[in-house]
Each structure stands twice: as structure tokens, then as C-alpha cells.
Protein chains: 2
Amino acid sequence: MDSKVNLTPQRKAIYDVICESNNHPTAAEIIENLKENGFRFAYGTVYNSLHYLTEAGLIHELKLGEGSSRYDGNIDEHQHIQCEICGRVDEVFTEINGEWLEEIDKETGYTVKSHQVILKGVCPTCQNQ
Amino acid sequence: MDSKVNLTPQRKAIYDVICESNNHPTAAEIIENLKENGFRFAYGTVYNSLHYLTEAGLIHELKLGEGSSRYDGNIDEHQHIQCEICGRVDEVFTEINGEWLEEIDKETGYTVKSHQVILKGVCPTCQNQ
DNA sequence: TATTATTTTAGACTTAGTCTAAATATAGGT
DNA sequence: ACCTATATTTAGACTAAGTCTAAAATAATA
Ligand SMILES: [Mn+2]
Ligand SMILES: [Mn+2]
Ligand SMILES: [Zn+2]
Ligand SMILES: [Zn+2]
């Protein structure tokens with residue numbers, strides 16, 4: 001077993017910021033947040049830690065097609081929807097139909113390993129403006 | 001009506017490269033391909049043209065979570081699947097269930113405007129290796 | 001303690017793309 | 001055709017996000 005996770009103080013602090021945020025923060029936002037909590041880690045350490053935590057399965061990296069990745073402490077299977085106006089990212093727990101994925105297997109000949117749905121729309125707050 | 005598209009020689013050449021490719025090429029690949037055809041446009045012109053063509057609805061920009069965008073001359077509604085091993089991108093025409101999208105509307109309170117499904121897997125060629 | 005492996009650090013570097021100001025090209029009015 | 005206004009292209013400087021490297025600091029092992 002090599003599933004032992006080595007949570008150094010840096011990794012722990014970064015993990016905590018991600019879990020306590022409800023915002024799917026970017027690396028830049030994480031660094032800013034760390035600064036507010038009195039931490040100042042090297043740039044490389046933050047990225048290194050984000051990779052480590054992702055690799056260890058403790059967080060997920062979200063690539064929503066913006067310039068930068070976002071990070072998610074919720075590792076339960078779910079998808080995301082992003083507001084076109086304010087940019088906030090919310091959770092979507094209604095899962096896509098499993099039959100659909102099998103269909104793709106047949107259609108393309110690929111062995112499907114994963115899928116990601118990125119929804120865009122207007123959030124409730126931005127609708128009232 | 002301002003729907004008049006101004007296809008300058010540069011834009012036309014870039015559009016042709018995208019349409020003749022069956023590969024969802026990146027900007028870098030488009031530039032390389034142009035070079036092979038004897039064109040050498042400024043870097044900025046290529047990106048400017050890609051935006052223009054996208055804005056005009058002649059092509060689609062694909063953000064699959066790699067470093068760089070890909071471009072697609074097929075503007076019919078479809079999704080994509082990418083091979084984890086060789087990186088090739090193939091079309092998926094089986095559309096996602098419309099009910100699913102309505103469900104999301106209800107679940108999140110968002111007005112859903114668009115959705116993109118990114119599938120990852122192993123392509124037929126890479127399976128035989 | 002001495003040796004080895006792991007992690008962090010600062011800062012140089014890379015990649016993909018944007019921005020800017022000048023040069024060209026195009027279109028419209030006379 | 002000539003002048004003017006608008007649109008486009010160009011070269012190259014610049015930016016944002018992230019990677020890489022080599023040395024220093026920590027931690028683990030003998
Ligand atoms: Mn999430
Ligand atoms: Mn396509
Ligand atoms: Zn919003
Ligand atoms: Zn493949």
C-alpha cells in the first residue's frame with residue numbers, strides 16, 4: 001500500500017483553504033486566501049501541492065475553459081454550472097443518464113473513462129438585475 | 001443587418017485550414033499548416049481571425065482543458081471525446097437528453113444557456129496496443 | 001550522528017495568447 | 001481619380017498561468 005498521504009503543513013493549509021471556500025477557488029485565489037491567513041508559500045509549492053492533493057484524490061481540478069484551473073474539495077461525483085455574468089460556479093448533482101454513456105461507447109468505439117459536463121447560464125442573483 | 005461577414009484573404013485561408021483538417025486543430029497547428037501552404041501571417045492576425053470567425057459563427061472554439069484551444073469547422077450541434085493516450089479528438093453526435101437540462105434548471109435556479117460535454121477515453125487505435 | 005530521501009524555496013523560464021502603434025488595405029463621397 | 005474614414009494586418013512588446021531547476025531546509029532511516 002502506498003496510499004499513505006503525506007500532509008505537510010503547506011499541503012494541509014492549502015487543502016483547508018479549498019475545503020473552507022465554497023467557491024471553487026483558483027490558484028491565485030488560494031494564494032490570496034493563504035496570505036490573509038498569514039501563510040506565504042512559494043508559488044511553486046502551491047502548484048506542487050495542488051497536484052499532489054489532486055493526485056492523492058483529496059481534491060479535484062476543474063478546467064472550465066477559463067484561463068486558470070479551479071479546485072474543488074467536494075470529491076463526490078457531481079458536475080458544475082457557471083454564471084456567464086458573475087462567473088460563480090455552482091454544483092449540479094443531477095447525474096447524466098448512464099445509458100447515454102453506453103451509447104457513446106457504441107457510437108465512437110472509444111472506451112469511455114470519464115465525462116465532464118460544463119453548463120453555462122445565468123445564476124439566480126444575476127437574473128434579478 | 002450587420003450579418004455581413006468580411007472574409008479577408010487571411011481569414012479565408014485560416015477558415016479553409018480548419019475546415020480541411022479533420023483534427024480540431026490548435027492555433028499552433030493552424031499556423032504550421034498555413035506555413036506549409038505558403039502563408040505566413042502575423043501571430044496576432046491568426047488569433048484575431050480565429051476570434052472573428054468564432055464570433056461570426058463560422059467555426060467553434062473548443063476548450064477541452066488542455067493548454068490551448070482547438071477549432072472546429074463543423075458547427076452542427078455535437079460533442080467531443082478525446083483519447084487520453086494519443087490526444088486525438090473525435091465527434092460525438094448522440095445528443096444529451098433534453099429532460100436532463102430542464103432538471104438542472106430546476107435544481108440550480110440557473111437559466112441554462114449552453115452545455116458542453118467533454119468525454120475522455122481510449123480510442124480504437126490505442127486500444128490495440 | 002551520518003546518510004538518504006522528501007519537500008520547500010526563489011527565481012528563471014515557457015507557453016499561449018493579448019495588446020499596441022504603425023503600416024496597409026478597403027470603402028464611400030466628391 | 002482623389003481625399004477621407006474605417007477596417008485589417010503586421011511586428012514585436014507584453015501578460016497570465018504555470019513549469020522547471022538547483023540549492024536550502026525538513027524529515028526519515030541506519
Ligand atoms: Mn464542485
Ligand atoms: Mn467537432
Ligand atoms: Zn451570476
Ligand atoms: Zn488514441
Side-chain angles (χ1 to χ4, degrees), chain A residues 1-18 21 23-35 37-56 58-72 82 87 89, chain B residues 1-18 21 23-35 37-56 58-72 82 87 89:
Chain A
M1 266 256 224
D2 54 354
S3 70
K4 185 84 182 55
V5 175
N6 179 7
L7 266 198
T8 64
Q10 289 83 347
R11 287 168 186 167
K12 180 71 169 55
I14 288 164
Y15 180 60
D16 287 347
V17 164
I18 293 167
S21 160
N23 233 33
H24 303 87
T26 62
E29 286 163 355
I30 290 165
I31 289 169
E32 183 156 352
N33 204 317
L34 285 167
K35 208 173 288 176
N37 295 27
F39 297 107
R40 196 153 316 171
F41 305 147
Y43 223 72
T45 302
V46 175
Y47 282 104
N48 181 15
S49 300
L50 289 169
H51 291 156
Y52 181 90
L53 294 168
T54 301
E55 203 60 31
L58 291 175
I59 62 174
H60 282 169
E61 183 182 6
L62 304 186
K63 295 178 172 177
L64 303 186
E66 305 165 290
S68 44
S69 288
R70 293 177 174 274
Y71 296 89
D72 194 343
Q82 182 165 39
V89 177
Chain B
M1 266 262 218
D2 55 353
S3 70
K4 186 83 182 55
V5 175
N6 180 7
L7 266 199
T8 64
Q10 289 83 347
R11 288 169 186 168
K12 180 70 169 56
I14 289 164
Y15 181 60
D16 287 348
V17 164
I18 293 167
S21 159
N23 235 30
H24 302 88
T26 62
E29 286 163 355
I30 291 166
I31 289 169
E32 182 155 354
N33 204 315
L34 286 167
K35 208 173 288 176
N37 296 27
F39 297 107
R40 196 152 318 171
F41 304 147
Y43 225 73
T45 302
V46 175
Y47 282 104
N48 180 15
S49 299
L50 290 169
H51 291 157
Y52 182 91
L53 294 168
T54 301
E55 202 60 30
L58 291 174
I59 62 174
H60 281 171
E61 183 181 8
L62 304 185
K63 296 178 172 178
L64 303 186
E66 305 167 290
S68 45
S69 287
R70 294 178 173 274
Y71 296 88
D72 195 343
Q82 182 166 39
V89 176

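Note on naming: letters A, B, ... go to the chains in the order of the sequence lines (proteins, then strands), and numbering restarts at 1 for each one.
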Q: Give the rounded distance in Å between these two atoms: CZ of B:Phe41 and C1' of C:dA25.
A: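 Answer to the nearest Å: 14 Å.
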
Q: Separation of B:Lys4 atom NZ from C:dG28 atom P, in whole Å?
A: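 So the two atoms are 11 Å apart, to the nearest Å.
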
Q: How many angstroms lie between atom CG of A:Asn23 and atom CD1 of A:Ile30, to the nearest 0.5 angstrom?
A: 11.0 Å

Q: Quick one: which of A:Lys63, A:Glu29, A:Glu61, A:His60 gives a side-chain contact (heavy atoms from CB on, under 4.5 Å) with A:Arg70?
A: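 Answer to the side-chain contact (heavy atoms from CB on, under 4.5 Å) test with A:Arg70 among A:Lys63, A:Glu29, A:Glu61, A:His60: A:Glu29.
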
Q: Polar atom pairs between nucleotides 6-8 of chain D and protein, under 3.5 Å, N or O only, would you list them?
A:
from: D:dT8; atom 1: OP1; to: B:Asn6; atom 2: ND2; distance (Å): 2.9
from: D:dT8; atom 1: OP1; to: B:Arg11; atom 2: NH1; distance (Å): 3.1

Q: With rounding to the nearest 0.5 angstrom, report the CD1 to CZ distance, B:Ile59 to B:Arg11.
A: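 Here the interatomic distance stands at 11.5 Å.
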
Q: Is a side-chain donor or acceptor of B:Gln82 paired with a backbone partner of B:Val89 at a separation under 3.5 angstrom?
A: no

Q: How many angstroms lie between OH in B:Tyr71 and CD1 in B:Ile14, if you round to the nearest 0.5 Å?
A: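 Rounded to the nearest 0.5 Å, the OH-CD1 separation comes out at 10.5 Å.
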
Q: Please walk me through it: do A:Leu53 and A:Leu7 pass side-chain contact (heavy atoms from CB on, under 4.5 Å)?
A: CA-CA 9 Å; A:Leu53 294 168; A:Leu7 266 198; 3.8 Å; yes

Q: Cut-off 3.5 Å, no hydrogens considered: what does the side-chain donor-acceptor table look like for residues 45-52 of chain B, sequence neighbours left out?
A:
from: B:Ser49; atom 1: OG; to: B:Thr45; atom 2: O; distance (Å): 2.7
from: B:Tyr52; atom 1: OH; to: B:Asn6; atom 2: N; distance (Å): 2.8

Q: In whole Å, I'd like the distance from the NZ atom of B:Lys63 to the C1' atom of C:dA16.
A: 12 Å

Q: So, taking the atom named CD1 in B:Ile18 and the one named NE2 in B:His24, what distance separates them when rounded to the nearest 0.5 Å?
A: 11.0 Å

Q: What's touching nucleotides 14-18 of chain D from the protein side, N or O pairs under 3.5 Å?
A:
from: D:dG18; atom 1: OP1; to: A:Ser69; atom 2: N; distance (Å): 3.1
from: D:dG18; atom 1: OP2; to: A:Tyr47; atom 2: OH; distance (Å): 2.6

Q: Once you round it to whole Å, what is the distance between P of C:dT8 and CG of A:Leu7?
A: 10 Å

